[in-house]
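The structure appears below as structure tokens.
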Amino acid sequence: MFEEEKSLIKNKIRKYLTEQCIEASGLEFRQIPFSGEWGLAVPLFPIAAGEARSGKKVIVPKRAQALAEAIKEHIGEPPAGFSHIEATNGYLNLFFTTSKYAKRVVDTVMDEGGNFGRGSDRNKKVMVEYSQPNTHKSFHVGHLRNVILGGSVCRILEFTGFEVIRANYLGDIGLHVVKWMWNYLKNHAGEQPGENKTHWMNDIYAEADQLFQEPENEAEVRALYARWNAKDPEIVALWEKTRQWSLEGFEQIYEQLGESFDRIYFESEVEDSGIVFIEKLIEMGIAKDERPEGPVFIDLDAIEGTQDEYRVLVVLRSDGSSLYATKDLPLAIKKFEDYDLDESIYVIDARQSLYMKQVFKTLGILGYEWADKLYHLAYELVNLPGNVTMASREGTVVLFDDLVIEATSRAKAIVEAKNPELTEAQKDAIAEAVALGALKYTMLSRDNMKVVTFDWDAALDFNGQAAPYIQYAHVRAGSILRKAGEESPKTCEFPDELEKSEVDLIELMTRLPNEVQRASSEFRPLAIANLAFEMAKTFNDFYNTCQVLNTEPEIRAYRLRLVAAAKQVIATCLNLLGITAPGAM
RNA sequence: GCCCCUGUAGCUCAAUUGGACAGAGCACUGGACUUCUAAUCCAACGGUUACAGGUUCGAGUCCUGUCAGGGGCGCCA
């Protein structure tokens, strides 16, 4: 916002500096801290420092202050929309006329509604690959971080004008699948999945994993693996049927999380083409074939002339079977063929950073001009206390549905206490929104590269900096508007004297467009999570100090609009985070 | 041995990307519900930003080194 004012002021300053023969580089606007009033701050340190560098004998802070004062003198009367100008600490501070500023911000938010902060269409197509669970296995809290991060990034990218294609890449083949089928045939033949399909699938897998420790069982699993590899119709049919159960189970989870995918890729679908692809690389001399003594690999450091930077990428086992890289290379190509992408993003945990770098480099070496459009969006793991990594086979997991059930029942208990008059259905809906919101917010409110240590108490703490706090502010705003009735003034005047919380609220709203852009370009929902909390906190302060309904009509009018605008901005933030805002709590 | 990430209040985390006085939540202490929903608010407490140098007018942020924790390095995914 305020681009016109900014360029006007910039021009004035530039004009002055040019007259004084001073290099005018590094002119930019900052926010004035401790705002009781709004304004634009222009630090003059860069200008003064520039003079110092060019040989003038100046003490930078003093010079910056002198420049600020001189420019203040030069500008003279504040331009339209500004009330006064100050020169302090080397900054030139230009303060807006409170009434005009407030009116303008609130009007803008109300006019644009849910589109306030939205970026214009960029005409760019971005694929985001995320979630990537293995079929026939569990879905735990570690997987949750990936889905929530990926989902939020997609929403933010869309909001900033990208066309987003959500892709999921499922691990539907491999030893784990065969183990599962073996146990099913041997101990659970004919059984059907229960209500919660993923949980049921995982129970059979976990049991299979245990039984697999016995040598005779392992031998049976290997034998079944051979049948499956030979495309035994009976086994293939079982594989297809059971994979479908897994898919339906994941679908339940995605639906609950509010996620959906435009395109699902299966590992099985790129395996054969991957092996053919690797054969081609061998022919080209890019991959080295040491079979049967060794595997097929690409010596990236040798090709690039680097040392210990790209290492060696193994692309095929010595027995000719496929590895991750066997499939990831052709999949990357397929994505660009399918969708003619401008960018391809991989939401994958940070342990695979080197691997991702290797895959991207390999595609670059092969001459794909889009190789530099590949981006690894790395994030850290969710560990258990004591730095224990979640692993299905170790039994060190918190399963998604266990967590959701617990969170929801705790939220339900609180709604029961707060709002006993609501219907069961309403209470359930609120409990779910609160529980899932809380889980999502804990994942999104820390930076991508920070390890999350999962703690039941922390995850289920609905107080303080957490989603329910933000949702509650939204509910309160809605409640005021509802009680106000039909009346919603189209526009109204703001006074020059505003309460601090009103001032702060308006200032926070103006940050949304910038924060959204930042979150988008850095793939960091955290920026939005922070703003949402700040908004809620300030709104609660406002709620406590400023009466809306029981006050004089003129005040009531602008405060109502302020409440509506604040509610809108909070709602937009929550949307971008994938958190639903209930109507009551 | 090499590479990457992290290190900020007792705990969990922020910090508008190099700017004004490093801020929140939790926990602890003391207050506020006949008033728009107290899942709230106010006050108090809490800091050598791991350490040592360097660059800069200015460093939690950048560069070098050290320490601590985590992760990764030719047939796991």
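A, B, ... follow the sequence lines: proteins, then strands. Residue 1 opens every chain.
- Taking atom CZ on Phe533(A) and atom C1' on rC13(B), their separation rounds to 11 Å, with Å as the unit.
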Protein-nucleotides 29-31 of chain B N/O pairs under 3.5 Å:
none

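- Phosphate proximity of rA15(B) to Arg524(A): present, with a side-chain N or O under 4.0 Å from OP1 or OP2.
- Residue Arg511(A) has no polar side-chain atom (N or O) positioned under 4.0 Å from OP1 or OP2 of rU16(B).
- Using a 4.0 Å cutoff on non-hydrogen atoms, the parts of residues 452-468 of chain A near RNA chain B are Asn463(A), Gly464(A), Gln465(A), ordered by number.
- Near RNA chain B, meaning a heavy atom under 4.0 Å away, the residues from residues 436-445 of chain A are Ser445(A).
- Checked against side-chain contact (heavy atoms from CB on, under 4.5 Å), Lys72(A) has the following partners two or more places apart in sequence or in another chain: Ile85(A), Ala87(A), Leu92(A).
- In terms of the side-chain contact (heavy atoms from CB on, under 4.5 Å) criterion, residue partners of Asp461(A) (sequence neighbours excluded) are, by chain and number, Asn463(A).
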Per-nucleotide pairing state of RNA chain B [Watson-Crick or G-U, under 3.5 Å; [ ] pseudoknot-crossing; | other strand]: (((((((..((((.....[...))))..((((.......))))......(((((..]....))))))))))))....
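- Salt bridge status for Glu28(A) with Arg30(A): present, with a side-chain N to carboxylate O gap under 4.0 Å.
- The side-chain hydrogen bond (donor to acceptor under 3.5 Å, both in side chains) pairs that include a residue from residues 519-538 of chain A are Thr160(A)-Ser520(A), Asp447(A)-Arg524(A), Glu522(A)-Arg524(A), where partners are two or more places apart or lie in different chains.
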Apply side chain to side chain contact (heavy atoms under 4.5 Å, CB included) to Arg63(A) and Phe45(A), showing your working. CA-CA 8 Å; Arg63(A) 178 61 179 158; Phe45(A) 298 99; over 6 Å; no
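- Every residue two or more places apart in sequence or in another chain that forms a side-chain contact (heavy atoms from CB on, under 4.5 Å) with Ala519(A) is listed here: Ile156(A), Ala527(A), Ile528(A).
- Regarding contacts with the backbone of rU12(B), every side-chain N or O of Lys450(A) stays at 4.0 angstrom or more from both OP1 and OP2.
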All N/O contacts under 3.5 Å from nucleotides 70-76 of chain B to the protein, with atom names and distances to one decimal?
from    : atom 1 : to        : atom 2 : distance (Å)
rC73(B) : O2'    : Arg311(A) : NE     : 3.2
rC73(B) : O2'    : Arg311(A) : NH1    : 3.2
rC73(B) : O2     : Arg311(A) : NH1    : 3.4
rC73(B) : O2     : Arg311(A) : NH2    : 3.4
rC75(B) : O2'    : Arg317(A) : NE     : 3.1
rC75(B) : O2     : Ser318(A) : N      : 2.9
rC75(B) : O2     : Ser318(A) : OG     : 3.1
rC75(B) : N3     : Ser318(A) : OG     : 3.0
rC75(B) : N4     : Glu293(A) : O      : 3.3
rC76(B) : OP2    : Arg317(A) : NE     : 3.2

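- Using a cut-off of 4.0 Å between Lys/Arg side-chain N and Asp/Glu carboxylate O, Lys412(A) and Glu432(A) are scored as not salt-bridged.
- Legend: residues meeting ring-ring contact (aromatic ring centres under 6.0 Å, His included) with Tyr469(A), ordered by chain and number and at least two apart, are Phe533(A).
- Listed by first and then second residue, the salt bridge (Lys or Arg N to Asp or Glu O under 4.0 Å) pairs involving residues 310-321 of chain A are Asp308(A)-Arg311(A) (not counting sequence neighbours).
- Residue side chain Asn93(A) reaches the base of rA20(B) through a donor-acceptor N/O pair under 3.5 Å, judged by distance alone.
- Scored by the side-chain contact (heavy atoms from CB on, under 4.5 Å) test, Leu300(A) finds Ile298(A), Tyr310(A), Leu313(A), Gln358(A), Lys361(A), Thr362(A), Ile365(A) as partners (sequence neighbours excluded).
- Nearest-nucleotide positions on RNA chain B for Tyr469(A) and Ala527(A) put Ala527(A) closer to the 5' end.
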